[in-house]
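Whatever order the structure lists ligands and atoms in, that order sets their numbers, starting from 1.
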Amino acid sequence: MPIKFTRSDFPKGFIFGTATAAYQIEGSSNGNCGPCHWDTFSATPKNVFKAENGFTACDHFHRFEEDLDLVQACGFDAYRFSTSWARVMPNGKTINKEGLEFYDRLVDAICARNLRPNLTLYHWDLPSALADIGGWANRETAKRFVDHTNAVIQCVGDRIDTVATINEPWCVAWLSYFLGHHAPGLRDIRAAARAMHHILLAHGLSVDAMRSLGTSNLGVVLNLTEAHPASNKPSDVNAKDRLDGIHNRWFLDAIFKGVYPQDILNKLYEFMPKNFEDDMSLISEPIDWLGINYYTRGIVADDPGEPWPSLKDIEGSMDKTQMGWEIYPEGLKNLLVRVSRNYTGNLPLLVTENGMACADEIQNEIVYDPSRIDYIFSHLAAARAAIDEGVNLQGFFYWSLLDNFEWAFGYEKRFGIVHVDFETQKRTPKASFNEWALSLNS
Ligand code: GCO
């Protein structure tokens, strides 16, 4: 059993929050939202568990007041949410007034509860019209992202605490265009190399646009993994470096040093867009904070039978979550220390996502989720240990407030501290919610 943490164990002013994302909770059939690439990806056989989609999700579009009451009742300081590009610009071009009005009301409702609004501009709902032109493989998509940025910031920017441009560029690019697990489900190294660059270009352009509008507290959210080799064999150790390069260094080096890591660039160079070097100063424009999403570590072996990067995922032997992800809190501490020593120095860091899926069930109106409670406290301990080593960590957000549409896993995997019955939309706070409330209110 990990030790329990309370507010007083963290520095004064440390921010505790919970996080969600638009497509996973809002219900994309509401409010004249346009089609996005997740709608078509889900409608294609074998992509998403039971071919589920985000059409209704948690119907947060209509129930956001009730959901925000829960965030407030739990004692959180902040609420991280995203704006759907397809809701704001259904055809990728024209503004949907109803979409912006929704976010206007949402931000007012967050502020009315004395919660800090932490906005993410892109959490994966790419309008289908932009998927049609090649999505993130096309430079034009990065340019269009400025229109979305401007529309959202002009509407709610005056009340926002922090803005993240992109959530998890590795997922947007590599997982979606190379591994094919997320929309648009491509498995193509040339499209992937382009997406790996254009998503960072979109970040840089968006930061630039927001600075011109006078918006402050700008950042980006990276999902980092601690890479481990399957054995001590040099071939596996090299494989570990490739995983680290693609997953972590590609983004950290680009954003904080203005270059791509040479070992990975050597392999991707021939597929990269022309003159990509000219974008690097924009991509590495200073930011005000960095968000890190952390769930588990990655173990890889060399797979010499396959072309570069010749990686084979290996299952670890530690306890796992419902996702099959190893529970490895130490990785969070190690990453925070590494990032702050090698890249960010005294720049504020936030853990913008951390959480666990469990096969939760309601019994007599109660959801008992002790393994999630252990997961939370052991990761809070890791965060605390990083602070003790001098990391300027300023906040921690639990993923997620609600059980929701877990992308390719549909509604089966439950990450929420609030249970959602997807038939009735009834919300039931779980034992972990009560535990958070105890920690935050003591
Ligand atoms: C991500 C996203 C979330 C996921 C969560 C659990 O990290 O993939 O930001 O949308 O739901 O991470 O997989």
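- Nearest to atom 7 (O) of ligand 1 among the protein's heavy atoms is Glu168 OE2, 2.4 Å.
- At least one side-chain heavy atom of Leu290 sits under 4.5 Å from a side-chain heavy atom of Val220.
- The shortest distance between side-chain heavy atoms of Trp85 and Leu130 falls below 4.5 Å.
- For the pair Arg384 and Phe5, the cation-pi test (distance below 6.0 Å, angle within 45°) is failed.
- The protein heavy atom nearest to atom 9 (O) of ligand 1 is Glu353 OE2, 2.7 Å.
- Between Trp436 and Phe76, the ring-plane angle classifies as tilted under the 30° and 60° cut-offs.
- Checked for salt-bridge contact, Arg80 and Glu353 meet the test: a charged N lies under 4.0 Å from a carboxylate O.
- Under the 4.0 Å criterion applied to side-chain N and carboxylate O atoms, Asp369 and Arg414 are not assigned as salt-bridge partners.
- The single protein non-hydrogen atom nearest to atom 11 (O) of ligand 1 is Glu406 OE1, 2.6 Å, given as residue, atom name and distance.
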Determine whether Tyr328 and His228 satisfy the following criterion, ring pair (Phe, Tyr, Trp, His ring centres under 6.0 Å), listing intermediate values before the conclusion. CA-CA 12 Å; Tyr328 185 64; His228 288 249; 5.4 Å; yes
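- Residue Trp407 has at least one nitrogen or oxygen atom sitting less than 3.5 Å from a nitrogen or oxygen atom of ligand 1, judged on distance alone.
- The shell of residues lying under 4.0 angstrom from ligand 1, judged by heavy atoms, excludes Asn223.
- Of all protein heavy atoms, the one lying nearest to atom 10 (O) of ligand 1 is Gln24 OE1, 2.7 Å.
- Residue contacts with ligand 1 do not include Lys413, since none of its heavy atoms lies under 4.0 Å from the ligand.
- The shortest N or O to N or O distance between Trp124 and ligand 1 is not under 3.5 Å.
- In the candidate list Phe415, Phe409, Tyr295, Tyr23, Tyr295 is nearest to atom 5 (C) of ligand 1, counting heavy atoms.
- Using a 4.0 Å cut-off to heavy atoms of Asn167, the atoms of ligand 1 that qualify are 2 (C), 9 (O).
- Of all atoms in ligand 1, listed by their number and element, those nearer than 4.0 Å to a heavy atom of His123 are 2 (C), 3 (C), 9 (O), 10 (O).
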List the steps and the verdict of side chain to side chain donor-acceptor pair (under 3.5 Å) for Tyr23 and Asp39. CA-CA 10 Å; Tyr23 192 79; Asp39 298 333; 2.6 Å; yes
